[in-house]
Participant: 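My structure is below; once you've seen it, I'll send some questions.
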Amino acid sequence: MPNYYTFSAADAIEYAKIYGGVADFESLVSAEEIGDGNLNFVFKIRDHSGISRVIVKQALPYVRCVGESWPLTLDRSRIEAETLLAHYQYCPEHTVNVLHYDPELAVMVQEDLSEYTIWRKALIDGVHNEHAAAQIGHYLANALFHHSDFYQDQLSKKLAVSQFTNPELCQITEDLFFTDPYIEHERNRFEPELETLVHELRIDKTLLTAVGELKYKFMTHAESLLHGDLHSGSIFVTEDKLKVIDAEFGFYGPIGFDIGTVIGNLLLNYCSLDARDVDLHELKQNRIESIVEVWETFSNEFLRLVREKSNNPIFSQELFANRFLEKAWRDSMGYAGAELIRRVIGFAHVADLDTIADKNVRITGKSTAITLGRNLILHAPELQHINELINYIQDNGKKKKWSDD
Ligand code: SR1
Ligand code: MG
């Protein structure tokens, strides 16, 4: 990228003036770098009243949280913008609006979401956002249906698969999700108290085979244009609204990966709740109801879209669509399990568990997450109904039927 340079705050302001779509653009005067993710610079651009007006986001040619020793393609910025635009086309109410992007500078300008809170923060604070689960289910159905072979025509789908080929970011997931946690690797991080549980994962051949199946499917099943990193830090919420951001891991993959990542993050939060000063019973119930609502909204909406909009006379048969969703459900369970495990023992953790100050409570929460994750991966193929998952979660991963066989 010959024209690439890293933006200073002043560069970000100038850029926002030109491309931010702000009528009184001369009023844009300050930029605050607020990026707290692993990869990029994010500038919040404010006017002279201190009101945040737009976001300027720039990819760095390396992994930000590690440094230049881990180089990373700038093309992820194009992929992110194009994935968000593609999802916005079919679900504008739940996708952040990209106002402008420049692949050479690896930069994009996005709508400001200052009135929103990161869903992970709300979940950690013990908040139940009543509408969030149904809204993310709606986003998943619309984003995934309209980029699948149920809707896209054969030729444009195949061109799109090539447009969204994202080898370096996919490699991160292939390694961090599906390989590192199951081997000794310098990127892994976990407390010594978890050593026995981790060892048990690594010698469980049935588990490793199931993880192999999930990884293989991730690498080969181009079912739809995924967000690719739909954890609760990529989702912004208010009391009644929800927007998805941060789609640089976008690619054509198995739809259960996005659904499973959402469910996995709700489960990670569930595992952390014992540490919070809140009405535990009610909040645990809220998290479980949210998981049910994500799946039910997604599957009902997906079926409605198949009935009303599918262009393919073979795929639009009710029985075929139902069978497709049964497989997506089982995949989702497996990917949720893999998310639980990698967020506890791999490179990228979650604040839900890591910020628990009391060591015993933290280790208990993390142990539950590992055990739950392991059982989800192992038993995903036989899980017929969401109620089976719910019963199991309510037993905190100790249900005899599963752990004893
Ligand atoms: C090196 S990137 C680590 C993690 O951050 C991203 O948000 C993805 O979840 C990735 O696995
Ligand atoms: Mg991200």
Side-chain angles (χ1 to χ4, degrees), residues 33-43 55 57-84 87 95-96 98 106-108 110 113 116 118-121 136 139 166-182 185-190 211 214-215 218-219 226-236 243-251 253 257-269 335-354 369 373:
E33 206 284 303
I34 54 158
D36 64 352
N38 292 321
L39 302 177
N40 307 300
F41 270 162
V42 182
F43 295 98
I55 296 294
K57 177 170 179 178
Q58 188 179 40
L60 300 171
Y62 51 84
V63 174
R64 180 179 184 179
C65 65
V66 173
E68 294 183 33
S69 62
W70 189 343
L72 194 58
T73 177
L74 292 173
D75 189 45
R76 68 185 193 271
S77 181
R78 174 193 68 80
I79 296 260
E80 173 170 6
E82 291 178 1
T83 302
L84 289 170
H87 287 178
T95 310
V96 69
V98 174
V107 80
M108 84 188 80
Q110 300 179 346
L113 296 176
Y116 291 68
I118 299 173
W119 199 17
R120 187 181 307 290
K121 182 178 179 325
I136 197 69
Y139 161 82
N166 195 358
E168 287 190 38
L169 280 283
C170 282
Q171 189 184 358
I172 290 180
T173 304
E174 289 153 20
D175 293 343
L176 267 50
F177 232 96
F178 302 112
T179 305
D180 291 3
Y182 306 97
H185 198 288
E186 62 189 8
R187 281 187 296 240
N188 290 328
R189 297 184 289 127
F190 56 87
V211 171
L214 291 168
K215 178 172 181 174
F218 178 86
M219 295 172 75
L226 307 189
H227 176 282
D229 194 24
L230 201 50
H231 56 81
S232 52
S234 297
I235 300 167
F236 276 55
K243 287 261 180 178
V244 166
I245 62 159
D246 223 5
E248 66 213 312
F249 284 76
F251 80 113
F257 184 76
D258 271 359
I259 304 161
T261 304
V262 172
I263 292 176
N265 277 266
L266 285 166
L267 289 174
L268 283 159
N269 184 266
Y335 288 123
E339 173 73 346
L340 283 165
I341 289 174
R342 74 111 174 187
R343 293 294 191 182
V344 175
I345 67 178
F347 172 75
H349 287 205
V350 289
D352 311 55
L353 287 164
D354 271 12

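Just the heavy atoms: all of them, side chains too, but no hydrogens, waters or symmetry mates, feed the values below. Numbering of ligands and ligand atoms starts at 1, following listing order.
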Participant: Look at the rings of His227 and Tyr139 and say which category their plane angle falls in: under 30° parallel, 30 to 60° tilted, over 60° perpendicular.
Facilitator: perpendicular
Participant: Checking contacts here: is it the side chain or the backbone of Phe347 that comes within 4.0 Å of ligand 1, counting heavy atoms only? Could be both or neither.
Facilitator: side chain
Participant: At under 4.0 Å between heavy atoms, which part of Glu248 makes contact with ligand 1: side chain, backbone, both or neither?
Facilitator: neither
Participant: Which protein heavy atom lies closest to atom 2 (S) of ligand 1, and at what distance to 0.1 Å?
Facilitator: Leu39 CD2, 4.0 Å
Participant: Do Asn40 and Glu80 have side-chain N/O donor and acceptor atoms under 3.5 Å apart?
Facilitator: no
Participant: Rounded to the nearest 0.5 Å, what's the gap from CG on Leu230 to CZ on Phe249? Could you check?
Facilitator: 12.5 Å
Participant: Could you list the atoms of ligand 1 found under 4.0 angstrom from a heavy atom of Phe249?
Facilitator: 6 (C), 8 (C), 10 (C)
Participant: Going by the order shown, which atoms of ligand 1 are within less than 4.0 Å of some heavy atom of Asn38?
Facilitator: 3 (C), 4 (C), 5 (O), 6 (C)
Participant: Parallel, tilted or perpendicular: which describes the rings of Phe218 and Phe251, with under 30° parallel and over 60° perpendicular?
Facilitator: tilted
Participant: Salt bridge or not between Glu33 and Arg64? Use side-chain N to carboxylate O under 4.0 Å.
Facilitator: yes
Participant: Below 2.8 Å, any N, O or S contact between Asp246 and the Mg ion (ligand 2)?
Facilitator: yes
Participant: In terms of heavy-atom contacts, does NZ of Lys215 have more than 12 from other residues, nucleotides or ligands at under 6.0 Å?
Facilitator: yes
Participant: Can you name the atoms of ligand 1, numbered from 1 with element, that are less than 4.0 Å from a heavy atom of Arg343?
Facilitator: 9 (O)
Participant: Ligand 1 versus Arg342, non-hydrogen atoms closer than 4.0 Å: side chain, backbone, both, neither?
Facilitator: side chain
Participant: Just checking, is any N or O donor in the side chain of Asn269 or Asp352 under 3.5 Å from an acceptor N or O on the other one?
Facilitator: yes
Participant: Identify, by atom number and element, the atoms of ligand 1 in contact range of His231, meaning under 4.0 Å from any of its heavy atoms.
Facilitator: 7 (O)
Participant: Quick one, Ile172 and Trp70 - any side-chain contact, counting heavy atoms below 4.5 Å?
Facilitator: yes
Participant: Below 3.5 angstrom, do we get any N/O pair linking Asp229 and ligand 1?
Facilitator: yes
Participant: What atoms of ligand 1 come within less than 4.0 Å of a heavy atom belonging to Leu176?
Facilitator: 3 (C), 11 (O)
